[in-house]
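Some notes on the structure that comes next.
Sequential numbering from 1 along the given sequence is applied to the chain's residues. This one's a predicted model, so the numbers in the text were calculated from it and none came from an experiment.
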Amino acid sequence: MMRAVRLHPPGGIGALSVDEVEVPQPSPGEALVRVHAAAITRDELDWPTDRLPAIVSYELSGVVEEVINDSGDLAVGDHVFALTGFDRDGVAAERAVVPVAMLAPKPSGLSHVESAALPLAGLTAWQGLFVHGELQPDDRVLILGAAGGVGHLATQLARWRGAYVIGTASAGAAELARGLGADQVLEPATRFGESIEPVDLVFDTVGGDALARAADVLRDGGRLVAVAEEPPPELSRRVHTTYFVVEPDRHQLVELAKLATDGTLRPAIDSVFRMEDARAAFDRVMSSGKRGKVVIEVDHA
């Protein structure tokens, strides 16, 4: 048996509990991972409502305990991290079964807590900027929410790619955004079209009015990529828009791990909670004023 943080019907923070459940058994192509840390996301309690009770969290860092019929280079004892599929049980547990194809070597320069904070936000930033946004060196990019959970990694990645980075951030987070690599930092309420030169890409992580205003600053042929909410139809008729949901990708995780190992990329940690304090962790992830990810650390003592 093992401990796991599970969401029960009818859902919501009050329906979370730490339960004793059976240790899952891996199938061919899967690995059993001893979980050291699992990160949580603001809206994730709404995701598994059709399969409750369900273990929460889809980001983990830990150590491989067992591998079934793997033809790759994964071995027992390897330190790994991953974003797992949203259509299966989560990983806020002492052990979790994860498809081998989703596991990447943990960044050697990061702790398990830091590594667990990287997959979802890091992959969202990577896919938004480079896959959907096609960001190139010397492009100009406007990142809405440049110091937020996804935005703080997007700012670092855009700077690494060689783009000119303009970010929005509150007064209290402006210095953080500059420290992450933003060349310019704007107040969120700024009229972008009157304040900055046209940009090649807008990467929106906040939604709302800022999303609509940002379209005014796109150059002809520019791209707007959103993850916070789907752009309204009238906006999509004016400019090229893309809305996407992040997908697990081992190869991209490997690239993120390289950047984290050499110090180019660093995930921010807002707070760390024990499994027993899972409700408090989700209270925190739902609150305003966070600076980075909320992580559940798994105690195996």
Side-chain angles (χ1 to χ4, degrees), residues 36-41 58-62 78-84 102-169 173-185 201 203-206 225 227 244 246-272 290-295:
H36 286 265
I40 59 177
T41 302
Y58 300 89
E59 303 171 86
L60 88 161
S61 182
D78 285 352
H79 290 238
V80 294
F81 76 136
L83 173 67
T84 64
M102 293 181 179
L103 290 167
K106 182 184 81 67
S108 60
L110 301 187
S111 67
H112 281 294
V113 166
E114 291 171 315
S115 297
L118 184 56
L120 191 148
L123 288 173
T124 301
W126 184 283
Q127 292 168 19
L129 292 174
F130 305 144
V131 178
H132 301 288
E134 302 176 1
L135 186 68
Q136 301 299 316
D138 298 322
D139 276 357
R140 292 169 56 85
V141 57
L142 171 61
I143 299 174
L144 304 181
V150 172
H152 84 284
L153 295 173
T155 300
Q156 295 174 70
L157 288 172
R159 181 72 172 196
W160 165 74
R161 179 53 61 94
Y164 184 87
V165 184
I166 307 163
T168 67
E175 283 305 311
L176 172 60
R178 292 189 184 93
L180 294 169
D183 296 285
Q184 285 182 259
V185 180
L201 173 65
F203 183 42
D204 171 52
T205 73
V206 298
V225 178
V227 296
F244 77 98
V246 64
E247 296 183 0
D249 189 299
R250 181 185 188 276
H251 298 295
Q252 293 170 4
L253 276 182
V254 169
E255 295 303 313
L256 291 169
K258 291 177 182 177
L259 294 174
T261 295
D262 71 16
T264 300
L265 187 68
R266 198 79 182 187
I269 306 298
D270 175 82
S271 48
V272 182
K290 296 185 300 301
R291 291 289 184 268
K293 291 286 286 190
V294 177
V295 180

Is the backbone N or O of [Y] less than 3.5 Å from a side-chain atom of [X], with the two atoms forming a donor-acceptor pair by type?
{"X": "T155", "Y": "A146", "result": "yes"}
{"X": "D183", "Y": "V165", "result": "yes"}
{"X": "K293", "Y": "A268", "result": "no"}
{"X": "D262", "Y": "T264", "result": "yes"}
{"X": "S61", "Y": "F81", "result": "no"}

Closest non-hydrogen atom pair between [X] and [Y], with its separation:
{"X": "A125", "Y": "L157", "value": "CB-CD1, 3.8 Å"}
{"X": "A37", "Y": "A116", "value": "O-CB, 3.6 Å"}
{"X": "A260", "Y": "L110", "value": "CB-CD1, 3.8 Å"}
{"X": "V254", "Y": "A104", "value": "CG2-CB, 4.1 Å"}
{"X": "I143", "Y": "A158", "value": "CD1-CB, 4.2 Å"}
{"X": "A117", "Y": "V295", "value": "CB-CG2, 4.2 Å"}

Heavy-atom side-chain proximity of [X] to [Y] below 4.5 angstrom:
{"X": "H152", "Y": "R266", "answer": "no"}
{"X": "V246", "Y": "W126", "answer": "no"}
{"X": "T261", "Y": "K258", "answer": "no"}
{"X": "T41", "Y": "E59", "answer": "yes"}
{"X": "K106", "Y": "V80", "answer": "no"}
{"X": "L259", "Y": "Q156", "answer": "no"}
{"X": "L153", "Y": "T124", "answer": "no"}

Check: Listed by chain and number, what are the side chain to side chain donor-acceptor pair (under 3.5 Å) partners of R250, not counting sequence neighbours?
Finding: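 None.
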Does the pair L118 and L256 meet the rule for a side-chain contact (heavy atoms from CB on, under 4.5 Å), with working shown?
CA-CA 8 Å; L118 184 56; L256 291 169; 4.3 Å; yes
Original post:
Do Q127 and E247 have a side chain donor and acceptor closer than 3.5 Å?
Top reply: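 Distance-only check fails for Q127 and E247.
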Check your understanding: Any side-chain donor-acceptor pair under 3.5 Å between H79 and H112?
Key ->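 Judged by distance alone, the side chains do pair up.
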Measuring from atom [atom1] of [X] to atom [atom2] of [Y], what distance do you get when rounded to the nearest 0.5 angstrom?
{"X": "M102", "Y": "D249", "atom1": "CE", "atom2": "CG", "value": "10.0 Å"}
{"X": "L144", "Y": "T168", "atom1": "CG", "atom2": "OG1", "value": "5.0 Å"}
{"X": "L253", "Y": "S115", "atom1": "CG", "atom2": "OG", "value": "10.5 Å"}

> When you look at H132 and F203, which way does the side-chain contact (heavy atoms from CB on, under 4.5 Å) test go after all the steps?
Replying inline: CA-CA 10 Å; H132 301 288; F203 183 42; over 6 Å; no
What verdict does the side-chain contact (heavy atoms from CB on, under 4.5 Å) test give for L265 and W160, after you've listed the backbone C-alpha separation in whole Å, the side-chain angles of each residue and the deciding distance to 0.1 Å? CA-CA 9 Å; L265 187 68; W160 165 74; over 6 Å; no
For this session: Dump the intermediate steps for side-chain contact (heavy atoms from CB on, under 4.5 Å) on V141 and R161, then the final yes or no.
Result: CA-CA 11 Å; V141 57; R161 179 53 61 94; over 6 Å; no
